[in-house]
Amino acid sequence: MNTYIVNRMVYSAISMVGLIILVFFLARLTGNPAELYLPVDATPELRAAFSQVNGLDQPVLVQFWRFLVTLLHLDFGNSLRLERPALQLVLTAFPTTLILAFSAMALALVVAIVAGALAACAPNGILDRLVNVVSLSSASLPNFWLALVSILVFAVWLKWVPTSGTGTLAHWILPIMVLFARPCGLLAQVVRGSMIDALSSAYVKTARSKGVRSRSIIFVHALRNAMLPVITVAGDQMSGMINGAVVVEVIFGFPGIGKLMMDSIQYRDFAVIQCGVIITAAAIFLMNVLIDFAYVALNPRIRFK
Amino acid sequence: MIEVNDHLVEVRNLSVDFHTRDGTVPAVQDVSWYVNRGETLAILGESGSGKSVSSSALMGLIDMPPGRITSGEVLYRGENLLNATPERQREINGSKIAMVFQDTLAAFNPVYQIGWQVAETLRSHGVPKKVADVKALELLERVGIPNASGRFFDYPHQFSGGQRQRIMIAMAIALNPDLLIADEPTTALDVTVQAKILRLLKELQRERGMGLLLITHDLGIVAGIADRVAIMQGGKIVETGTVRQVFETPQHPYTHRLFDAVPGRRVVSETARTLVEQPLLIVQDLSKEYLSPARLFSRGATAAPVLALNKVSFKLERGETLGIVGESGSGKSTLARTLIGLETATGGGASYRGHDLLNRTPAGLNQVRRQIQMVFQDPTASLNPRMSVREIISEPWAIHDDVVPRNKWDTRVRDLLEQVGLQRDHADRYPHQFSGGQRQRIAIARALALQPEIIIFDEAVSSLDVSVQAQVIELLKSLKDDYNLSYLFIAHDLPVVRSFADRVLVMHRGAIVEQGTSREIFNNPKHDYTRELLQSDPALNVHAAI
């Protein structure tokens, strides 16, 4: 297989191992869960018993070793808070986040490519200025503000969609739109910039001198070259979204991975935090591999290095 | 009266303006020329002379805005293409009039296979895909791509510069155009390859009876290939006629200047010094091998090591200019980079005034770098675009803090600018506000800032126009005397070396094949490769032509 991709995969695997080590120790920095789960006036004996049952009385390195062994069996332990297997909780929440992130990103890519490409065809024209202003504003709007204002406008005043929760398709509209705004604005800017570069490049001039049709110049010659930086930025944004569209999920009460993680951290639910971080990291790792494949497919210069 | 003529292509009184931030700039004014079938017209001029503008107008490649055609006609078989619809222009481009560009790495789309790109010319003009592919393969074979069928699906970056130019020519002649425009087709190529490409163009022209429009800054090429020549300066044609007329009895002062600026016309430079001192630089059996790059978790080298430098030995005397010539890939630049510590040698030694150059601590390396400075080929790339000229020139003083005290920096920067022929108030400008020649002067000022003993020039004048080149060379000569400098002057451009260097090393495949005084090398070359190099240089043909 292509050495570029193999190298990238090896590096990703190394960072994955580092991450597993880090997440275990960082979670323990938040303090002992016994203090949270037991009543304030619990006796020291009760606290000791709680710690013993949950293995928290062992030295940290022993805990870490147990954690690694169980990890190899894909056993992440039970949630302290909900007393169910951590993996089960994470895997229930994850699809929600994935669907949310993928639909927002797919929509953002389509809109950004079309708008950016059209804007680049006539730089400084009316359309270009419009795309520029709109995309810059949507890239700059903070998530939480947009979420709150859109709830106020579309759910409270206009009553077009529900304010929060899940259930019907209408519940998805606001969260997706809020998640979509920032990456779409950012990507439109990137597409526009790289398309302007591509359209003023020497190979486009060559294509014009060959008598290639202008549609083909824009979408065959320029766009494929312009996609390279777009993919990098889109992948980066996507990691952020999978990582938990925390703000959006919390505001809309959406049962995704972001909300689950927020709750688990508050309750020092170590098993769920560890499981959530590792599964999320695995998903991001997988996605980066896919992006590398896309990159190699689009850019032969990497393929033959 | 209707003027009847049978010119294939004619440009009449064309004027084009470009709108820039500083106002409207005329790119060409009142330019007229014509080409007949089977004929070669050369448009000769330096960069910025507007020599490419009229051919761009012919193919509808002028971007409007910022360009604007203010007057004139561009006729193809009597049809004014300035009034053509975009669709009509598209039909003509590639099928009737085709173009070959200078920088082939940029001119090919990097993400498509070359077979696909050659066939695209045919497909764009209605040839079915299968037929186009077969025809494209034939074309690649015709222009001499070895193993064309095996390389049909390769990408542009996998070919050498010469091969890419051949492929570009194949792409242009695919539909047997009436006129082939070649815009600086060989400028980026080595001399031996250059000669072969020009021969191919000539051959194809005879075979197909095309008109050929050659746009170039190179007098040697004009002398070798064109029937008629139009000389452009500042957007105007200052002289036109047959090549023989113009070369034998040039009328316009600018034409005279062009001929005078051709390097190497003056007498071969002589070493007039008696050498009493120790050599400044002694290089002994210097070698550099490149292993195939090691990868994480892979064992053993898979490819044979490449020998970039093969036991190179020479001396640089004090006050001397040592020219190093050879084609690209001959190891010239590797040699320079190894000497200043940008590459590590894999064998041999080099010393500067008795100090070992190769095995040095970082602190020791700094001391040497102060004494040996380098000027790179491309000033656009080697000067940081975000730094002002003042910052660029004074940066070395921040590293070597004993050279100039901080409160003197400003005056010293301005002095240096003056010495390299720029204005004192240029210190606050940024590199993009200068021309190529001016930028190279800034790079020279930066190299001078540390008061070095040796300056290495790596193709430092190769990208400059001939007259600018001559000015920079004059500057280097006077600086050398003023500061008692020694130069290592790397170039693939033989005439420049001939008129500038005291001694010359000829490099080929990492080894020195011949060394001697300029006179010996140029008048009486011993090695076969040196002879081949000298013969294939078109600029040296000018001397035969003038």
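Convention: sequence-line order gives letters A, B, ...; per-chain numbering from 1.
- Once rounded to the nearest 0.5 Å, the distance linking CG of B/L175 with NZ of A/K210 reads 11.0 Å.
- Side chains of B/E120 and A/H221: a donor on one and an acceptor on the other come within 3.5 Å.
- In terms of non-hydrogen atom pairs under 4.5 Å with chain B, the most contact-rich of A/A202, A/G211, A/A207, A/A198 is A/G211.
- The main-chain N or O of A/S209 is never found under 3.5 Å from a side-chain atom of B/R90 such that the two would form a donor-acceptor pair.
- Among all heavy-atom pairs drawn from A/L298 and B/V111, the shortest one is O-CG1, 3.4 Å.
- The parts of B/Q117 that come within reach of chain A are both its backbone and its side chain, each placing non-hydrogen atoms under 4.5 angstrom from that chain.
- Looking at heavy atoms from C-beta onward, B/Y112 lies out of side-chain contact with A/P300 at the 4.5 angstrom threshold.
- The contact between A/V220 and chain B is made by backbone and side chain atoms together, counting heavy-atom distances below 4.5 Å.
- A distance of 8.5 Å separates NE2 of B/H125 from CZ of A/R213, quoted to the nearest 0.5 Å.
- Put simply, of B/A98, B/P110, B/G94, the one with the most heavy-atom pairs under 4.5 Å next to chain A is B/P110.
- With a 4.5 angstrom heavy-atom cutoff, B/I97 touches chain A only via backbone atoms.
- Taking 4.5 Å as the limit, some side-chain heavy atom of A/N225 sits within range of a side-chain heavy atom of B/N109.
- Only the side chain of A/S216 comes within contact range of chain B, with heavy atoms under 4.5 Å apart.
- By the 4.5 Å heavy-atom criterion applied to side chains, B/M59 and A/R208 are not counted as neighbours.
- Ranked by heavy-atom pairs shorter than 4.5 Å toward chain A, the options B/M168, B/E87, B/M171, B/Q89 are led by B/M171.
- Considering only heavy atoms from C-beta on, A/T206 stays 4.5 Å or farther from B/F108 through its side chain.
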